[in-house]
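This report refers to the structure that appears directly beneath it.
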Amino acid sequence: MLTQEESLQEEIKAKKQIKADQIAEKQKYTVTWDMLQMYGRQLSARLLPASQWKGIIAVSRGGLVPAAILARELSIRYVDTVCISSYDHNHQREKLILKQAQGDGEGFIVIDDLVDTGGTAHTIRDLYPKARFVTIFAKPAGKPLVDDYVIDIPQDTWIEQPWDTGISFVQPLSDNK
Ligand SMILES: O=P(O)(O)OC[C@H]1O[C@H](OP(=O)(O)OP(=O)(O)O)[C@H](O)[C@@H]1O
Ligand SMILES: Nc1nc2[nH]cnc2c(=O)[nH]1
Ligand SMILES: [Mg+2]
């Protein structure tokens with residue numbers, strides 16, 4: 001007989017497996033480091049002049065690499081983070097704010113790698129109503145919640161980020177000599 005805690009853990013594990021299966025079935029949009037740098041530079045150009053910004057707030061973890069690209073291009077050295085953990089619990093997707101940058105976001109760029117359902121973006125908007133909130137990728141459901149983004153991605157497509165992937169051998173199409 002499982003305890004309540006054990007059955008909750010079992011339920012969470014089963015849900016994670018369902019999510020992994022759903023991701024595996026989705027169309028993939030694979031991002032390379034080069035692409036990310038190129039898109040990050042495009043976004044940076046739209047954030048000029050840099051003198052209007054007090055700093056950058058990265059939405060950890062996905063926003064960390066894009067934030068580094070923006071910081072370099074705009075010569076911004078003040079970089080902070082907001083750290084959000086999303087997890088499944090009792091049929092609800094809850095968000096836990098582990099750490100946040102202070103203030104209402106005025107004069108700051110808040111950057112995340114992508115907006116999908118918009119759940120994270122809602123949290124960011126509540127925390128930093130005066131910030132300029134930008135992402136590199138946007139899916140239709142979350143698009144209305146960002147001030148700017150670079151690449152449109154269909155809702156049914158999973159974005160594979162370069163930090164989640166690696167280079168591996170691929171079989172040739174034909175082994176015929
Ligand atoms: O629009 P949404 O449906 O909320 O999805 C977008 C969020 O999902 C990913 O983060 P995730 O919560 O997976 O955590 P991570 O950044 O730490 O990888 C991504 O980096 C965005 O922050
Ligand atoms: N890597 C990745 N994380 C996500 N979080 C929510 N949607 C996505 C996605 O498409 N790709
Ligand atoms: Mg994230």
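First listed ligand is number 1; within each ligand, the first listed atom is number 1. The basis for the numbers below is simple: all heavy atoms, side chains too, and nothing from hydrogens, waters or symmetry mates.
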Can you find an N/O atom of Gln161 closer than 3.5 Å to an N/O atom of ligand 2?
no
Quick one: does ligand 1 sit under 4.0 Å from the side chain of Thr117, the backbone, both or neither, non-hydrogen atoms only?
both
Per-atom contacts of ligand 1 with Ser86, taking only distances under 4.0 Å to non-hydrogen atoms
12 (O)
Does Gly118 have a heavy atom less than 4.0 Å from any atom of ligand 1?
yes
With heavy atoms and a 4.0 Å threshold, my read on which part of Leu114 contacts ligand 2 is side chain
Would you compute the distance between atom CD of Glu106 and atom OH of Tyr128 and round it to the nearest 0.5 angstrom?
14.5 Å
Return yes if a side-chain donor-acceptor contact under 3.5 Å exists between Asp116 and Gln155, otherwise no.
yes
Restricting to heavy atoms, the pick from Leu145, Asp112, Asp116 nearest atom 21 (C) of ligand 1 would be Asp112
Tell me which one of Ile84, Leu114, Asp113 gets a heavy atom nearest to atom 20 (O) of ligand 1.
Asp113
Ignoring hydrogens and geometry beyond distance, is a side-chain donor-acceptor pair present between Asp113 and Gln161 at under 3.5 Å?
yes
Nearest heavy-atom pair of Ile56 and Phe108: which atoms, and what distance?
N-CD2, 3.9 Å
Taking Arg125 first and then Asp147, would you say they form a salt bridge - that is, a charged N and a carboxylate O separated by under 4.0 Å?
yes
Show the atoms of ligand 1 that are less than 4.0 angstrom away from any heavy atom in Gly62.
16 (O), 20 (O)
Distance-only side-chain donor-acceptor flag, Lys95 / Ser85, under 3.5 Å
no
Pairing of Lys143 and Asp152 as salt bridge, 4.0 angstrom limit:
yes
Counting only heavy atoms, which portion of Ile159 has something under 4.0 Å from ligand 2: side chain, backbone, both, or neither?
both
Looking only at heavy atoms of Glu160, does any of them come nearer than 4.0 Å to an atom of ligand 2?
no
